[in-house]
Structures are given as structure tokens and as C-alpha cells.
Amino acid sequence: MIVKISEIAKYVGQEVTIQGWIANLRSSGKIVFLQLRDGSAGVLQAVIAADVVSKSDFETAKTATTESSVEVSGKVMAESRSPGGFELQAKSIKIIQKSEEYPIGKKEHGPEFLLDNRHLWLRSQQQVAILQVRDSIIWALREFFRKEGFVMTDTPILTPTSCEGTTTLFATEYFGEKAYLSQSGQLYLEALAMALGKVYDFGPTFRAEKSKTRRHLTEFWMLDAEMAYMDLEQSMALQERMLVYVIKKVLQERKKELEILERDIKPLEKVAEGGFIKMTYDEALAELKKLGSDIKRGEDLGNDDETILTHAHDKPIFVTNYPLEIKAFYMKPDPKNSKTALCADLLAPEGYGEVIGGSQRIDDLKLLEQRLKEYKLPRKAFEWYLDLRRYGSVPHSGFGIGLERTVTWLCGLKHVRESIPFPRLINRLTP
Ligand code: 4AD
Ligand code: MG
């Protein structure tokens with residue numbers, strides 16, 4: 001019977017076959033110890049003893065190499081000294097392909113070397129665990145929105161305009177015209193919300209970010225949600241429910257992976273209790289100044305500001321009411337303080353910083369026309385977007401959550417580059 005290593009506890013005393021790869025091996029005279037991996041969590045030690053397996057199988061095991069693909073059959077035993085607590089007492093071994101000398105693992109490697117070998121580095125236990133957590137986050141998000149009555153839909157990647165400012169656009173030639181890779185599906189999603197009510201999209205987005213920080217990718221996955229007849233307060237409540245749902249799911253499904261990543265889960269359990277903090281931009285600034293930041297009013301929160309602010313609290317923080325001029329053209333001014341926007345960035349604790357950006361949108365035609373002018377955006381290209389304010393405009397809000405920032409946070413990673421299979425960074429397009 002072919003079984004997965006993650007399920008091995010169910011087969012103690014039985015004979016099974018593992019199809020996998022040799023993550024590591026050592027031999028001592030008449031015994032060869034193989035650490036097998038098969039894509040499910042953890043590794044399983046297979047013990048190949050000269051007096052149990054055939055002579056040729058023992059020879060095979062002795063001359064095997066790291067990362068060779070193998071099928072090993074034997075009896076599952078509980079063994080507390082083994083990693084994972086179980087062991088396979090092999091009866092036979094078959095090499096599917098004997099690996100050439102594997103470039104990773106002999107010594108400590110720097111990040112650039114590992115990224116150059118990303119196609120192989122992905123096989124390491126930590127990287128597998130990260131991708132398993134990523135998978136759970138994606139499914140949890142989809143489940144959540146389905147339960148909340150949202151319709152999943154899709155927005156284009158090739159677009160004629162910008163959504164989030166013109167400085168971070170990737171341009172491409174489009175049959176004699178210019179097209180841009182989408183920075184966010186939001187504007188299209190607003191049209192879809194007027195058709196379907198509550199909608200979300202989930203796909204790759206692109207930012208020609210010159211920033212070389214641990215939080216920035218040039219290609220990343222974003223889930224945008226857009227809700228007709230919803231104000232900012234309701235949107236924030238939804239975001240909190242969403243994150244609580246996702247974190248609970250990850251804690252439940254990916255305990256072992258979080259252990260492999262040595263992720264302290266106490267801070268996540270705290271977040272899963274809910275009770276997110278809200279503060280205005282001005283309140284955040286006042287607190288930041290006390291914490292030693294030199295941020296000035298009118299500046300966006302820098303990475304360092306987000307880091308120190310979120311270290312000072314154990315719950316995520318919604319920072320609301322940013323000055324209008326440092327936010328996107330589509331954000332609705334707050335009627336109570338018209339110099340600020342009805343917007344909220346959600347900052348994750350433990351120094352992780354912004355994972356969600358959202359706002360209530362301008363629903364008035366005249367104001368939106370004026371804002372386009374102020375932002376020097378080409379009116380013609382936005383005519384269809386203005387139509388949404390001509391034909392049955394309603395109050396509406398939405399937000400975008402960055403998948404990689406979320407994975408980085410929940411996995412407790414230092415850098416966003418490990419949260420996506422093949423990161424695209426300012427200086428990296430390969431492999
Ligand atoms: O705050 P942003 O720019 O918001 C928007 O694009 C809105 N149109 C979303 C909406 O309202 N539908 O981006 C949203 C999130 C950020 O909070 C962050 O998590 C992620 O996308 N993000 C990035 N992640 C990795 N690398 C980058 N360069 C990112 N830029 C934004
Ligand atoms: Mg933002």
C-alpha cells in the first residue's frame with residue numbers, strides 16, 4: 001500500500017510503500033539510514049539493514065545519493081528517537097532515478113545562491129511547509145467569501161490605465177498602443193459589485209516597485225473584495241472576520257508545518273480572538289513620535305514606522321483617515337474630516353505591517369471627475385469608471401489583501417521572497 005508520510009501514524013505495525021526522495025542519508029556499516037520526504041509534512045526515517053533486505057537492495061541503499069527518487073517498502077514502527085516519531089524498517093528499496101550531486105545542503109548557503117536554485121530549494125522542509133500554509137490560506141479565504149455570500153469573479157491583467165498610481169506601472173506594447181499590467185483589480189471589481197453585490201477576485205498583480213525591502217515583490221497575488229451598499233466600518237468588520245477565520249483555519253490545518261517553521265503560535269492565537277485595534281493616522285503619528293519615529297504629518301507610514309507601531313500592540317491595527325493627498329484618487333473623503341480619506345490600512349502585529357489596504361469609494365460623479373483632474377489622470381480612459389457613478393451609484397467599499405504578506409506573517413518569515421514559489425524582485429526574474 002502506498003501511503004503519505006503525513007499519514008504514517010495510522011499504519012504502525014503495517015507494511016507500506018513510500019514514494020519519495022532521499023532528503024538525507026548516512027550509513028554505519030551494516031545499516032543505512034534514509035530520511036525520506038514525499039511532499040507531505042515532515043520526513044520519515046527508513047532503516048535499511050544488511051541482514052533484512054536483499055544484498056543488491058543494500059548495495060543500492062549504500063550507494064544512493066541525496067535527492068535520488070526512491071520507493072521504499074517496509075514495516076512502520078513507532079520510534080520516539082526518530083524525527084517525527086516513526087520509522088520504516090525497510091524490506092526493499094528501488095531507486096527511480098539516482099540524483100547527480102545535489103547543489104543544496106552540503107554547507108550554509110547565502111540567500112542569492114538559494115534563490116538562484118529556487119527550483120530545487122523549494123524541496124526543503126521549510127519551503128514545503130511555507131507552501132502548505134500558503135495553500136491553506138488560499139482555501140480559507142475562498143471558503144470565507146463563499147460563506148459570506150460573495151461571488152468569485154475575475155478582472156483583467158492587461159489594462160489601459162493605472163489603479164494605484166502611475167509610478168509603479170509595468171508597461172507593455174499592445175498592438176501599437178500601451179497596456180499596463182494590473183496593479184489591482186479594484187476598478188473593474190467596482191463595476192462587478194454593481195452587477196453582483198458582493199464580489200472578489202484573486203490573482204496576480206504587478207508593481208514596478210523600485211523598493212528593495214523585505215515586504216516588496218514586483219509580482220504578487222492579491223485578493224480584492226468589493227461590496228455594494230457597504231461603508232468603511234462594515235468593511236473593516238468584514239476584514240476582521242476574514243483574518244480570524246483564516247488564522248483559525250491555518251492553526252487547525254497546519255500545526256505541523258508551523259512547528260517545522262518554528263513559528264510561535266501564541267501571537268496568532270491572540271489575533272484569532274479578534275478585537276482588532278482602530279486608530280486614525282493622526283493618532284498613529286502621535287504614538288509613533290512617542291516611540292521615537294521622526295515621521296512628519298503628510299508622510300505615509302514607512303516600513304520602520306509600521307514595524308515599531310505593530311511591535312507595540314498584540315492585535316492587528318486598522319490605521320484610518322490618512323490625509324487625502326497621500327492616498328489613491330478613488331477614496332471618499334470623510335464627511336467628518338474632509339481632509340482625510342475614509343480608508344484603512346490593516347497592519348499585522350510583530351512588526352509585519354501592512355497586509356490590507358482598503359477604503360470607501362467616491363460614489364459622487366462630480367467629485368470623482370474633480371479628483372481625476374487633480375491626479376492628472378486621463379479622463380477618457382476612466383469614462384467607463386465614471387459611468388458607475390452615472391447609473392445607479394451607491395455607497396460602496398472594498399479592500400485588497402496581499403497573499404504573500406499574509407503568508408510571511410503567518411509563517412513568521414523574515415522576508416516576503418520565501419512566501420511565493422518563484423519570487424519576482426527588482427533584481428530577479430529567474431528561475
Ligand atoms: O494597499 P494596496 O496598494 O491597495 C490596492 O491596490 C487597492 N486597490 C486594493 C483594493 O482596495 N481592492 O495593495 C493591497 C495590498 C497591500 O496591503 C499589501 O498587502 C499588498 O497588496 N501589496 C504588496 N505585496 C507585496 N509586494 C508589493 N509590492 C505589494 N504592494 C501591495
Ligand atoms: Mg497600501
Side-chain angles (χ1 to χ4, degrees), residues 134 137 141 145 150 153 155 157 159 161-170 180-193 198-227 230 232 235-236 238-239 242-243 246 281 300-303 305-306 310 316-320 322 326-332 341-348 352-362 385 396-410 413 415-420 423-426 428:
R134 182 181 164 109
I137 294 172
L141 284 166
F145 282 101
F150 280 64
T153 184
T155 52
I157 286 171
T159 63
T161 49
S162 77
C163 176
E164 291 303 313
T166 48
T167 55
T168 62
L169 281 173
F170 277 113
Y180 305 99
L181 301 185
S182 174
Q183 299 165 311
S184 156
Q186 180 199 321
L187 305 186
Y188 294 96
L189 214 52
E190 286 182 54
L192 286 155
K198 293 194 284 185
V199 288
Y200 76 99
D201 69 7
F202 202 170
T205 43
F206 305 86
R207 304 271 168 109
E209 296 266 13
K210 296 270 157 49
S211 357
K212 235 179 157 176
T213 78
R214 61 193 174 88
R215 291 173 185 164
H216 287 91
L217 294 162
T218 54
E219 174 178 327
F220 60 96
W221 281 63
M222 197 197 301
L223 184 154
D224 296 283
E226 196 70 31
M227 298 76 70
M230 218 186 247
L232 182 68
S235 174
M236 285 192 284
L238 176 79
Q239 292 167 49
M242 171 187 78
L243 278 175
V246 169
Y281 170 87
D300 209 349
L301 264 58
N303 286 330
D305 296 316
E306 291 185 4
T310 61
I317 307 166
F318 285 110
V319 180
T320 66
Y322 281 72
I326 58 171
K327 286 293 182 186
F329 74 95
Y330 52 73
M331 291 186 182
K332 188 180 169 91
L342 277 177
C343 69
D345 280 359
L346 185 71
L347 312 185
Y352 283 99
E354 183 189 335
V355 290
I356 299 178
S359 65
Q360 190 163 334
R361 323 305 191 185
I362 295 176
Y385 186 65
H396 62 290
S397 301
F399 61 89
I401 175 167
L403 175 62
E404 287 73 20
R405 298 253 181 109
T406 309
V407 174
T408 302
W409 165 34
L410 299 195
L413 308 177
H415 198 297
V416 73
R417 67 192 164 206
E418 288 181 46
S419 66
I420 185 164
R424 296 292 176 249
L425 302 156
I426 183 166
R428 179 168 295 278

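Numbers here are sequence positions counted from 1. Counting convention: from 1, in listed order, for ligands and their atoms alike.
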Rounded to the nearest 0.5 Å, how far does CG of Leu232 lie from CE of Met236? 4.0 Å

Distance, nearest 0.5 Å, that separates CD1 of Ile137 from CG of Leu410: 4.5 Å

Output yes when the distance from some N or O of ligand 1 to some N or O of [X] is under 3.5 Å, and no in every other case.
X: Gln186; result: yes
X: Arg207; result: yes
X: Glu226; result: no
X: Phe399; result: yes
X: Cys163; result: no
X: Leu217; result: yes
X: Phe220; result: no

Under a 4.0 angstrom heavy-atom cut-off, which atoms of ligand 1 come close to [X]?
X: Arg215; value: 25 (C), 26 (N)
X: Gly402; value: 15 (C), 19 (O), 20 (C), 21 (O)
X: Ile356; value: 17 (O)
X: Tyr330; value: 7 (C), 8 (N)
X: Arg361; value: 10 (C), 11 (O), 12 (N)
X: Met222; value: 6 (O), 13 (O), 14 (C), 21 (O)
X: Gly357; value: 1 (O), 9 (C), 10 (C), 11 (O), 17 (O)

Nearest heavy atom to atom 12 (N) of ligand 1 wins, so pick from Thr205, Leu347, Asp224. Asp224

Protein heavy-atom partner closest to [atom] - residue, atom, separation in Å:
atom: atom 1 (O) of ligand 1; value: Glu354 OE2, 2.9 Å
atom: atom 15 (C) of ligand 1; value: Gly400 O, 3.6 Å
atom: atom 18 (C) of ligand 1; value: Arg405 NH1, 3.5 Å
atom: atom 7 (C) of ligand 1; value: Glu164 OE2, 3.4 Å
atom: atom 19 (O) of ligand 1; value: Val355 O, 2.8 Å

Hey, which of His216, Gln183, Glu219 is the one that makes side-chain contact (heavy atoms from CB on, under 4.5 Å) with Arg207? Gln183

Between the side chain of [X] and the main-chain N/O of [Y], is any donor-acceptor distance below 3.5 Å?
X: Glu226; Y: Val199; value: no
X: Tyr200; Y: Leu189; value: no
X: Thr218; Y: Arg424; value: yes

For side chain to side chain contact (heavy atoms under 4.5 Å, CB included), just list the numbers for Ser235 and Gln360, CA-CA rounded to whole Å, side-chain angles, deciding distance to a tenth of an Å, and then say yes or no. CA-CA 8 Å; Ser235 174; Gln360 190 163 334; over 6 Å; no

Does Arg428 form a side chain to side chain contact (heavy atoms under 4.5 Å, CB included) with Arg417? I'd like the steps, not just the answer. CA-CA 11 Å; Arg428 179 168 295 278; Arg417 67 192 164 206; over 6 Å; no

Assess whether a salt bridge exists between Arg134 and Glu404, defined as any Lys/Arg side-chain N lying under 4.0 Å from an Asp/Glu carboxylate O. yes

Shortest non-hydrogen contact from Leu187 to Ser162? CD1-O, 3.9 Å

Heavy-atom closest contact (Val416 atom, Arg405 atom, distance): CG2-N, 4.2 Å

Taking the six-membered ring for Trp, are Trp221 and Phe202 parallel (under 30°), tilted (30 to 60°) or perpendicular (over 60°)? perpendicular

Can you tell me if Tyr330 and Glu190 form a side-chain donor-acceptor pair at under 3.5 Å? no

With Ser184 as partner, the option from Thr205, Asp201, Asp224 fulfilling side chain to side chain donor-acceptor pair (under 3.5 Å) is Asp224

Hey, which of Glu354, His415, Glu306 is the one that makes side chain to side chain donor-acceptor pair (under 3.5 Å) with Arg215? Glu306

Using non-hydrogen atoms of the residue, decide whether Trp221 is closer than 4.0 angstrom to ligand 1. no

The Mg ion (ligand 2): protein N, O or S atoms [distance under 2.8 Å]: Glu354 OE2

Pair Leu346, Leu243 - check side chain to side chain contact (heavy atoms under 4.5 Å, CB included), show working. CA-CA 11 Å; Leu346 185 71; Leu243 278 175; 3.1 Å; yes

